[in-house]
Visitor: 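The structure follows.
Read the numbers this way: they start at 1 and go in the same order the structure lists the ligands and their atoms.
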Amino acid sequence: MWNKVALCSVCKHSPHPASLLLLRLPPVTHAFKRTCLGPSSDRQWAQRAQNGPRGALPGCLGSSKAKRRRCAQMYPLLDGRVLPVHRHVFEENVRNSEAVIKRYSELLQVVSKGGGEDAVLRHTQRNKKLFVRERLKLLLDEESFLELSPLAGLSMPYGDVPAAGCLTGIGKICGIWCVFVANDATVKGGTIYPIGVKKQLRAQEIALQNRLVAVYLVDSGGAFLPLQSELFPDKLHGGRIFYNEAIISAMKIPQVAVVCGSCVAGGAYVPTMAEEAVIVDKIGTLFLAGPPLVRAATGEYVSPEELGGATLHSSVSGCSDHFASSEKEAYECVRNIISTLNYEPVPEELVEHDHPLYSPDELLGLAPRDYSCTLPVKLVLSRLLDGSRFQEFKADYGTTLVTGFGHVEGHLVGVVANNGELSHDAALKGSHFVQLCSHRGIPILFFQNTAPHAAEPTSISQAEAQANRLKAQASMMAAVACAAVPKITIVIGGCFGSESYAMCGRSFSPNFLFLWPNARVALVDSRHLSMVPQAGDNDCTDESELKHLKQKLEAESSAFYSSARLWDDGVVLPQNTRKNMQNSNSTLSKEMRKRRHTWLKTRQE
Ligand code: COA
């Protein structure tokens, strides 16, 4: 989800017009009048196609960019018209999309309030600190940023932990893409819950995978003690955050921290392991054990400021490299630090491109309510790719998977999109195409809508066909796992069973994985369950047990359940998908260029 930062204090950049498209939670438009195109809309569509690009930037025809654009314009046009025969399904999907987006808005509202009004008041009035979202406004450039997994932590077995107690995301500071991790002290003093650890580790993984600068705003009471056994001992528990800091540092990826609240126990290592740390006077404190423990151990009364405040750490211990007299000064200091990294800001690549010929709002009617409401995936692609143009690969083979090349805001991408069950031929085609993108250094977009179940074989020949399909799917999984190019997965419908692995599910490490709010994530679809599977041939058909299992599966397969558990990087609204893909892609471009360079070098050797 792309949020909008209202203000920044240093290096003010005028917002890129395109970035304004993705303001947080744009109201669900009701522009579905054009849902199914009648004759007049046909004319309109044909006229648009004839008129050529909309929104193209003026450019010199002789430039290589213009030539690239001319090539892209030669790609065949996708026919994105929704046929009258699909009208019923389309409208059903729209109704469902509106309902799930409403629910999504409600959940975001809850999350935006952090630990609740009282906690925010205590934090801002009594503790004289800025709310975490205000801090980000001062830290980041004045343009939209990508907040990762805002729903993480909702309805956990141990209760609601809004935004998992820390905000993470990707935004620009002085024009440089950075990953941020910012504790929200209004949620139980910013203490770290198991889901908070997972969220911080994911943010660090993104920094590592994409070589992005990491910025930590630390305001945390350390481990949430009642859950210490789920936080402390294991490999991917709290200590991993410090381990990652060391590895990120060894990879020469800069890390900067601000101590803008309490940094107790584990929290104290985050700033001390960062390359540079800033501490804020009066509100920033850093110690392994706080004043109550000192009193218990030695009987000595000591104030937090004396024990580990800004003056002590800036002039005695040296744990902090910069003393800031206010929060505002601290974030200005971070921006100055970023400008000393000797990183080139991301060039504002205004690549000439065409907009899709069809409204992205119509994607709400193409977001399947369930698998049986799936419409041809090319209708989706025609609303996401530049100029609705697509150079299809193996168009007539394995047609339940659509593969080919297109552009997103001028950037070449490979597209792999489910268009039915992942058959033997479709999987072979998928592995061929993925390898091809990998060889050419082209990022891949996976549009996942996997089928909930494969039909049971009823004959030997069908069983053989299934075995062959299995082999082809395994080959596609291997190709996807080994493709050394950026991969972004958008779950536009179902994320079911093993086919989801071949479509670059979470365990196949896509650089980013986002879900549409209608998405369903589960091993099996509850709606297709007719009995409770048990050992041997004794499948249970007990009605109440089946009902119970179906309800459980239903609740556990929603996009919000998935996002709360960090099985993805967040929910993206269908109409915002194009911008989201473009921005995710541009954060990756640096790493991509590097990988491409390595690949070209290997070819030359
Ligand atoms: N584990 C579990 N809960 C904790 C906690 C911890 N480590 N630290 C704070 N909390 C809870 C408090 O019980 C309180 O809960 P409540 O709102 O239900 O009453 C809430 O977090 C806010 O704490 P509070 O002390 O009221 O807020 P504060 O802003 O005045 O102070 C801290 C925040 C973090 C500075 C302070 O609570 C503190 O020093 N906590 C102890 C930290 C510690 O020793 N950690 C060791 C971890 S190994």
Visitor: Looking only at protein heavy atoms, which one is nearest to atom 34 (C) of ligand 1, and how far off is it?
Guide: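 The closest one turns out to be G221 CA, 3.4 Å.
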Visitor: Would a 4.0 Å cut-off, counted as strictly less than, catch a protein heavy atom around atom 14 (C) of ligand 1?
Guide: no
Visitor: I need the minimum non-hydrogen distance between I101 and L573, along with the two atoms involved.
Guide: CG1-CD2, 4.0 Å
Visitor: Answer yes or no: does an N/O atom from V264 fall short of 3.5 Å to an N/O atom of ligand 1?
Guide: no
Visitor: Can a side-chain donor-acceptor contact be found between S326 and E329 if the only test is distance below 3.5 angstrom?
Guide: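 No.
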Visitor: Output the list of atoms in ligand 1 that are nearer than 4.0 Å to some heavy atom of G189, sorted by atom number.
Guide: 21 (O), 22 (C), 34 (C)
Visitor: Any heavy atom of G290 closer to ligand 1 than 4.0 angstrom?
Guide: no
Visitor: So, for atom 21 (O) of ligand 1, does the protein have a heavy atom nearer than 4.0 Å?
Guide: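 Answer yes: something from the protein, a heavy atom, is under 4.0 Å.
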Visitor: Should the pair R133-E147 be classified as a salt bridge under the 4.0 Å nitrogen-to-oxygen rule?
Guide: yes
Visitor: Using a heavy-atom cut-off of under 4.0 Å, does the side chain or the backbone of R126 touch ligand 1, or both, or neither?
Guide: side chain
Visitor: Give the single entry among A265, G267, S262, A185 that approaches atom 32 (C) of ligand 1 most closely by any heavy atom.
Guide: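 Checking each option, the heavy atom nearest atom 32 (C) of ligand 1 is found in S262.
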Visitor: Is K129 salt-bridged to D219, going by a charged N under 4.0 Å from an acidic O?
Guide: yes
Visitor: If you measure from each heavy atom of P226 to ligand 1, is any distance below 4.0 Å?
Guide: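 Yes, P226 has a heavy atom closer than 4.0 Å to ligand 1.
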Visitor: Backbone or side chain, does any N or O of L225 fall under 3.5 Å from an N or O of ligand 1?
Guide: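 Yes, since at least one N or O of L225 sits under 3.5 Å from an N or O of ligand 1.
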Visitor: Would you tell me which option among V187, L227, L293, T191 has the nearest heavy-atom contact to atom 9 (C) of ligand 1?
Guide: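 When every heavy atom of V187, L227, L293, T191 is considered, T191 comes closest to atom 9 (C) of ligand 1.
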Visitor: Could you check whether atom 41 (C) of ligand 1 has a protein contact, counting only heavy atoms that fall below 4.0 angstrom?
Guide: no
Visitor: Atom 26 (O) of ligand 1: which of R122, K188, K129 has the nearest heavy atom?
Guide: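 Checking each option, the heavy atom nearest atom 26 (O) of ligand 1 is found in R122.
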Visitor: Measuring from atom 3 (N) of ligand 1, which candidate in F232, F224, F287 has the nearest non-hydrogen atom?
Guide: F224
Visitor: Does F508 have R506 sitting over its ring (NZ/CZ under 6.0 Å from centre, angle to axis within 45°)?
Guide: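 No, a cation-pi geometry is absent between R506 and F508.
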Visitor: Might you check, step by step, whether the distance between atom 28 (P) of ligand 1 and some protein heavy atom is under 4.0 Å?
Guide: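 Yes, because at least one protein heavy atom sits under 4.0 Å from atom 28 (P) of ligand 1.
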Visitor: Describe, in one word, how the ring planes of Y104 and F560 are oriented to each other, choosing from parallel (under 30°), tilted (30 to 60°) and perpendicular (over 60°).
Guide: parallel
Visitor: Salt-bridged, R135 to E327, with N to O below 4.0 Å?
Guide: yes
Visitor: Output yes when a protein non-hydrogen atom is found under 4.0 Å of atom 1 (N) of ligand 1, and no otherwise.
Guide: yes
Visitor: Indicate whether any N or O donor in one side chain lies under 3.5 Å from an N or O acceptor in the other, for E230 and H237.
Guide: no
Visitor: Using a strict 4.0 Å threshold on nitrogen-to-oxygen distance, state whether K328 and E332 make a salt bridge.
Guide: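 Yes, K328 and E332 are salt-bridged.
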Visitor: For the pair E117 and K113, evaluate salt bridge (charged side-chain N to carboxylate O under 4.0 Å, His left out) and give the outcome as yes or no after the intermediate values.
Guide: CA-CA 7 Å; E117 272 167 32; K113 294 186 181 131; 5.4 Å; no
Visitor: Check each of A223, A119, G116 against atom 7 (N) of ligand 1 and report the one with the nearest heavy atom.
Guide: A223
Visitor: Looking only at heavy atoms, is any part of N127 under 4.0 Å from ligand 1, and if so is it the side chain, the backbone, or both, or is it neither?
Guide: side chain
Visitor: Surrounding CZ of F232 (heavy atoms of other residues, nucleotides or ligands, distance under 6.0 Å), is the total greater than 12?
Guide: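 No, CZ of F232 has 12 or fewer neighbouring heavy atoms, counting only those of other groups under 6.0 Å.
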Visitor: Protein heavy atoms: any of them under 4.0 Å from atom 38 (C) of ligand 1?
Guide: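 Under 4.0 Å from atom 38 (C) of ligand 1, zero protein heavy atoms found.
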Visitor: Under a 4.0 Å threshold between the charged nitrogen and the carboxylate oxygen, would E554 count as salt-bridged to K550?
Guide: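 No, this pair does not count.
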